[in-house]
**Student:** 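Pasting a structure below so you can have a look.
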Amino acid sequence: MAPLIAGQDRMRLGRWEGGRFKYPGRAPARITRALPKQPAAVLVHGLDGAVATLCLDLDTSKAEQSVVDADAARLGELLNGCGLRYVEDSSPSGGRHLYVPLAERLNGAAARELVEALGYRAVSLDPGPHQNVAAGCIRVPGSAHKRGGHQTLTTRLTEAYDILKRRNPAAALDRLRSALAPELMRLRKDKTRSAKAATTAHTAAGPEDSPGRHSRSPLAATARSGLYDTNLYAGRSEARQAVLAHLAATGWSLQHVRHELRTPELAGLAALYHGKEGRLLDSEWDKALAYAQNLPQKTASSRGRTSHPRNSDTSRLLTRGGAAVGSKAAVRELVNDLENFLHVSLDPQLARLGREGHSLRLLMRSILGYMRAEETQLLELGCRSLAVSLGKHHGTTAALLTRLVELSDGILSKLEDARGTKADLYLIELPDKHRAAVNDLSWRKGKIYGIRPVFRALGDIAALVYEGIERARFSPSTADIIRSSGCGDTSVSQALKDMAALGMIHRSGDGTWHITATTSLTELAKRLGVYEDYLDHIARNRADRAKWHARLSRHDPEQNLSEEDIHDAERDEWWLPPPDADPARWSKHLYQAA
């Protein structure tokens with residue numbers, strides 16, 4: 001089978017060098033029918049850089065054994081669903097290899113992109129064989145292992161030979177690309193971000209621009225792979241507890257954790273339990289929850305004195321409604337009228353401002369969403385709370401909020417500045433001069449959103465286009481969406497293309513666009529890698545508020561003694577010695593008392 005898997009008729013023989021097992025590239029041997037006496041690996045790429053077989057290497061050095069087995073099953077299900085046949089073998093160390101033979105040789109860069117995208121689905125996948133055109137190699141079924149034993153064929157021999165001879169057509173590979181559209185988009189964005197970070201490595205970067213912000217945290221990697229730093233955690237129990245505390249601090253619930261243990265996101269955590277999660281999870285979750293609840297106070301007491309009060313926001317995650325103006329039903333009707341005015345009048349005005357205008361439109365939608373949830377016209381709006389619903393930095397959100405007050409033509413008014421633990425107070429109303437524009441319009445169906453997590457990856461224009469399809473009274477055409485969204489033709493067309501590739505929307509035969517109801521935006525956000533950013537954003541806000549509240553409590557005049565409590569300037573607090581006192585003795589006693 002080696003010639004049918006390899007990209008060329010060459011193999012590399014393995015040897016131990018300096019305590020490590022390597023496959024040196026000096027004088028690669030020709031593949032023969034004789035089994036090599038030492039471990040050997042065939043070259044994946046041909047002389048032209050193309051590959052004849054996609055080689056998926058699932059390695060136990062990257063994840064726990066149970067995670068490797070689950071990844072192999074998951075990838076097998078994906079390949080079968082796309083109509084791709086594959087050959088599978090297993091290693092004495094517990095690793096797995098999946099070989100996907102191709103009828104047409106595939107460019108090395110395209111093969112690498114596919115394998116790296118599959119790595120988002122399987123944490124144990126090592127893309128190394130496809131990342132080096134000159135030296136990429138893999139051990140094939142029958143090859144000796146460095147620790148003893150051989151690579152064992154899992155697929156039946158006759159079936160494996162048939163798969164390698166009657167190879168997969170290009171159409172099946174296209175179906176795999178379509179199935180991996182979210183992962184391919186995420187991969188390209190990550191590479192673009194890494195390239196930008198490399199070019200600006202010597203310039204100052206803010207918290208939103210730093211490369212580390214987009215890298216997966218060590219605890220998240222442990223939750224996926226089951227591997228942990230033995231210098232930090234003494235054993236599996238401590239590593240599990242650290243992951244659970246991280247999840248509790250970012251707002252997860254026990255039910256959510258139980259559900260995600262069956263998914264790749266927490267497959268490593270499940271592996272750390274070794275099948276005992278039913279007995280241990282409840283008690284360990286209670287400990288993690290108690291620790292997470294005390295964490296803000298610990299962080300504030302240890303770091304709060306070094307932070308400046310102006311570095312933190314004064315809002316809470318959820319807004320607190322003030323005194324309601326009118327009944328709740330009246331507020332709901334007002335929100336409906338404001339939505340109509342937003343679409344018929346305010347949106348076209350803001351759309352003329354370009355990129356800033358799109359952000360302002362989504363900010364107004366976020367405010368109306370808060371208003372509907374709180375059922376009041378008076379809202380305490382903090383920049384950090386709005387930043388979560390916009391997917392932007394709170395500094396950017398503060399500038400946009402000030403700008404929106406100026407451009408909203410009386411709809412949004414600031415009544416009070418932030419004070420203590422309370423955020424800025426705003427009044428949202430529809431001035432009488434605008435009521436005529438909405439009195440004869442019927443209310444729009446559906447909910448109003450700012451930026452849902454998935455659009456942190458797709459952008460503001462995609463969010464507006466999706467809303468145009470989701471909330472339209474009739475299924476819109478491309479021209480209708482361009483007209484209603486107020487965005488450019490090219491931007492709308494690209495957003496439609498991207499969302500259609502991700503399965504979020506689809507186009508019917510009459511040219512109109514529809515929402516694909518079976519696509520979960522939350523699951524898609526996880527596949528695109530932005531859902532974790534969303535949860536981290538919320539966690540950062542909570543930590544900032546904890547620091548701010550701790551500082552306020554330390555400087556609360558009701559809890560701290562003032563100078564007047566200790567000293568009264570109008571009261572004489574000194575005394576004179578009695579008239580018959582010996583001056584020498586009095587001076588001595590005064591000195592001792594001092």
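Hydrogens, waters and symmetry mates are skipped; everything else that's a heavy atom, side chains included, is used.
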**Student:** Taking all non-hydrogen atoms of both residues, which atom of Gly142 and which atom of Leu35 are closest, and how far apart?
**Tutor:**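 Looking at all heavy atoms of both residues, the shortest contact is O-CD1, 3.4 Å.
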**Student:** Does a sphere of radius 6.0 Å around OH in Tyr534 hold more than 12 heavy atoms from other residues, nucleotides or ligands, not counting ones at 6.0 Å or beyond?
**Tutor:**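 No, OH of Tyr534 has 12 or fewer neighbouring heavy atoms, counting only those of other groups under 6.0 Å.
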**Student:** Quick check on His259: does its NE2 atom have over 12 non-hydrogen neighbours (other residues, nucleotides or ligands) under 6.0 Å away?
**Tutor:**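 Open.
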**Student:** Are any side-chain N or O atoms of Thr155 and backbone N or O atoms of Leu153, one a donor and one an acceptor, separated by less than 3.5 Å?
**Tutor:**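 Flag not set: sc Thr155 to bb Leu153 has no pair under 3.5 Å.
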**Student:** What residues, two or more places apart in sequence or in another chain, satisfy ring-ring contact (aromatic ring centres under 6.0 Å, His included) together with His514?
**Tutor:**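 With neighbours one apart ignored, the set is His506.
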**Student:** Is the shortest distance from a Lys or Arg side-chain nitrogen in Arg224 or Asp71 to a carboxylate oxygen in the other one below 4.0 Å?
**Tutor:**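 Salt bridge flag = no for Asp71 with Arg224.
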**Student:** Let me confirm one number: the CD-CG distance from Gln8 to Asp48, rounded to the nearest 0.5 Å.
**Tutor:**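 One gets 9.0 Å once the value is rounded to the nearest 0.5 Å.
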**Student:** Examine distances only and state if a side-chain atom of His246 and a backbone atom of Ala220 form a donor-acceptor pair shorter than 3.5 Å.
**Tutor:**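 No; zero donor-acceptor contacts below 3.5 Å.
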**Student:** How would you list all residue pairs meeting salt bridge (Lys or Arg N to Asp or Glu O under 4.0 Å) that involve residues 109-132, not counting sequence neighbours?
**Tutor:**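 Pairs touching residues 109-132 that pass the test: Arg112-Glu116, Glu113-Arg188, Glu116-Lys191, Arg121-Glu183.
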**Student:** What's the spacing between Leu164 CG and Met1 CE if we round to 0.5 Å?
**Tutor:**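 The CE atom of Met1 is 6.0 Å from CG of Leu164, to the nearest 0.5 Å.
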**Student:** Can you name the closest pair of heavy atoms from Ile461 and Ser491 and give their distance?
**Tutor:**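 In this case the closest contact between Ile461 and Ser491 is CD1-CB, 3.6 Å.
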**Student:** Going by the salt bridge (Lys or Arg N to Asp or Glu O under 4.0 Å) test, which pairs reach into residues 231-245, not counting sequence neighbours?
**Tutor:**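 Those involving residues 231-245 are Glu64-Arg236, Arg240-Glu284.
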**Student:** I'd like to know if the side chain of Ser143 reaches the main chain of Gln151, judged simply by a donor and an acceptor atom lying under 3.5 Å from each other, with no hydrogens or angles considered.
**Tutor:**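 A pair under 3.5 Å: no.
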**Student:** Under 3.5 Å, which donor-acceptor pairs do the side chains of residues 27-34 form with other protein atoms, sequence neighbours left out?
**Tutor:**
residue: Arg30; atom: NH1; partner: Asp9; partner atom: OD2; Å: 2.4
residue: Thr32; atom: OG1; partner: Ala34; partner atom: N; Å: 3.4

**Student:** Using the salt bridge (Lys or Arg N to Asp or Glu O under 4.0 Å) rule, collect all pairs that involve residues 75-95, keeping only residues at least two apart or in two chains.
**Tutor:**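 The answer is Arg85-Asp162, Glu88-Arg96.
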**Student:** Test of understanding: with ring-ring contact (aromatic ring centres under 6.0 Å, His included), list the residues that count as partners of Tyr120, not counting sequence neighbours.
**Tutor:**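 ring-ring contact (aromatic ring centres under 6.0 Å, His included) check on Tyr120 returns nothing, list empty.
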**Student:** Is it the case that the side chain of Arg167 and the backbone of Leu4 share a donor-acceptor pair, with hydrogens and angles ignored and the cut-off at 3.5 Å?
**Tutor:**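 Yes, Arg167 side chain to Leu4 backbone: donor-acceptor pair under 3.5 Å.
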**Student:** May I have all residue pairs that pass salt bridge (Lys or Arg N to Asp or Glu O under 4.0 Å) and include part of residues 34-47, sequence neighbours excluded?
**Tutor:**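 Applying salt bridge (Lys or Arg N to Asp or Glu O under 4.0 Å) to every pair that reaches into residues 34-47, excluding sequence neighbours, yields nothing.
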**Student:** For Ile5 and Cys55, work out which heavy atoms get closest and say how close.
**Tutor:**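 Answer, listing the atom of Ile5 first, then Cys55: CG2-SG, 4.2 Å.
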**Student:** CG of Leu180 to CG of Leu118: how many Å apart, nearest 0.5 Å?
**Tutor:**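 Nearest 0.5 Å value for the CG-CG distance: 5.0 Å.
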**Student:** CZ of Arg175: more than 12 outside heavy atoms within 6.0 angstrom?
**Tutor:**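 Above 12, so yes.
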**Student:** Val100 and side-chain contact (heavy atoms from CB on, under 4.5 Å): which partner among Leu106, Val115, Ile163, Leu79?
**Tutor:**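 With Val100 as partner, side-chain contact (heavy atoms from CB on, under 4.5 Å) holds for just one option, Leu79.
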**Student:** Could you tell me whether a side-chain N or O of Lys189 sits under 3.5 Å from a main-chain N or O of Ala457, the two making a donor and an acceptor?
**Tutor:**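 Such a contact is found between Lys189 side chain and Ala457 backbone.
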**Student:** Identify, with sequence neighbours excluded, every residue that meets side-chain hydrogen bond (donor to acceptor under 3.5 Å, both in side chains) alongside Glu104.
**Tutor:**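 side-chain hydrogen bond (donor to acceptor under 3.5 Å, both in side chains) check on Glu104 returns nothing, list empty.
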**Student:** Would you indicate whether Tyr161, at its atom OH, is surrounded by more than 12 heavy atoms from other residues, nucleotides or ligands within a distance under 6.0 Å?
**Tutor:**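 Result for OH/Tyr161: open.
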**Student:** Please report the closest heavy-atom contact between Leu272 and Ala239, naming both atoms and the distance.
**Tutor:**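 Minimum heavy-atom separation between Leu272 and Ala239: CD1-CB, 4.2 Å.
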**Student:** Please report the shortest heavy-atom distance between Val44 and Thr53, naming the atom on each side.
**Tutor:**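 Reported closest heavy-atom pair: CG1-O, 4.3 Å.
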**Student:** Would you sort out whether Leu521 and Tyr466 count as a side chain to side chain contact (heavy atoms under 4.5 Å, CB included), showing the intermediate values?
**Tutor:** CA-CA 11 Å; Leu521 298 187; Tyr466 189 87; 4.0 Å; yes
**Student:** Looking at Arg452 and Glu470, does any basic side-chain N land under 4.0 Å from a carboxylate oxygen?
**Tutor:**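 Salt bridge present between Arg452 and Glu470.
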**Student:** With sequence neighbours left out, what residues match Arg15 under side chain to side chain contact (heavy atoms under 4.5 Å, CB included)?
**Tutor:**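 With sequence neighbours excluded, Arg15 shows a side chain to side chain contact (heavy atoms under 4.5 Å, CB included) to Glu17, Pro24, Arg26, given in chain and number order.
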**Student:** Using salt bridge (charged side-chain N to carboxylate O under 4.0 Å, His left out) as the criterion, list what pairs up with Arg177, not counting sequence neighbours.
**Tutor:**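 Testing Arg177 for salt bridge (charged side-chain N to carboxylate O under 4.0 Å, His left out), a comparison that skips the adjacent residues, returns Asp174.
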**Student:** So, taking the atom named OH in Tyr99 and the one named CG in Leu54, what distance separates them when rounded to the nearest 0.5 Å?
**Tutor:**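 So the OH of Tyr99 and the CG of Leu54 are separated by 13.0 Å.
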**Student:** Does the distance from a Lys or Arg side-chain N to an Asp or Glu carboxylate O, for Asp544 and Arg384, drop under 4.0 Å?
**Tutor:**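 Salt bridge flag = yes for Arg384 with Asp544.
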**Student:** Listed by chain and number, what are the side-chain hydrogen bond (donor to acceptor under 3.5 Å, both in side chains) partners of Arg262, not counting sequence neighbours?
**Tutor:**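 Partners of Arg262 under the side-chain hydrogen bond (donor to acceptor under 3.5 Å, both in side chains) test: none.
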**Student:** Any donor and acceptor pair, going by atom type alone, linking the side chain of Asp59 with main-chain N or O of Gly95 inside 3.5 Å?
**Tutor:**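 Checking the backbone N and O of Gly95 against the side chain of Asp59, no donor-acceptor pair under 3.5 Å is found.
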**Student:** Short question: side chain of Arg186, backbone of Arg527 - any donor-acceptor pair under 3.5 Å?
**Tutor:**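 Side chain of Arg186 to backbone of Arg527: a pair is present.
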**Student:** Quick one: do the Thr522 and Ser520 side chains pair a donor with an acceptor below 3.5 Å?
**Tutor:**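 Ser520 and Thr522 do not have a side-chain donor-acceptor pair below 3.5 Å.
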**Student:** So Lys392 and Asp460, do their side chains get closer than 4.5 Å, heavy atoms only?
**Tutor:**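 Answer yes - side chains close enough.
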**Student:** Can you tell me how far the OG atom of Ser124 sits from the CD atom of Gln65, to the nearest 0.5 Å?
**Tutor:**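 Those atoms lie 9.5 Å apart.
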**Student:** ring-ring contact (aromatic ring centres under 6.0 Å, His included) with His256: which residues, sequence neighbours excluded?
**Tutor:**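 Applying ring-ring contact (aromatic ring centres under 6.0 Å, His included) to His256 gives Trp252.
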**Student:** If I compare all heavy atoms of Ala122 with all of Leu75, which pair ends up nearest, and what's the gap?
**Tutor:**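 Scanning both residues completely, I find the closest heavy atoms to be CB-CD1, 3.9 Å.
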**Student:** Rounded at 0.5 Å granularity, tell me how far CG in Leu362 sits from OG in Ser389.
**Tutor:**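 Going from the CG atom of Leu362 to the OG atom of Ser389 covers 9.5 Å.
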**Student:** Side-chain donor-acceptor pair under 3.5 Å between Thr263 and Glu260, yes or no?
**Tutor:**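 Thr263 vs Glu260: donor-acceptor pair found between side chains.
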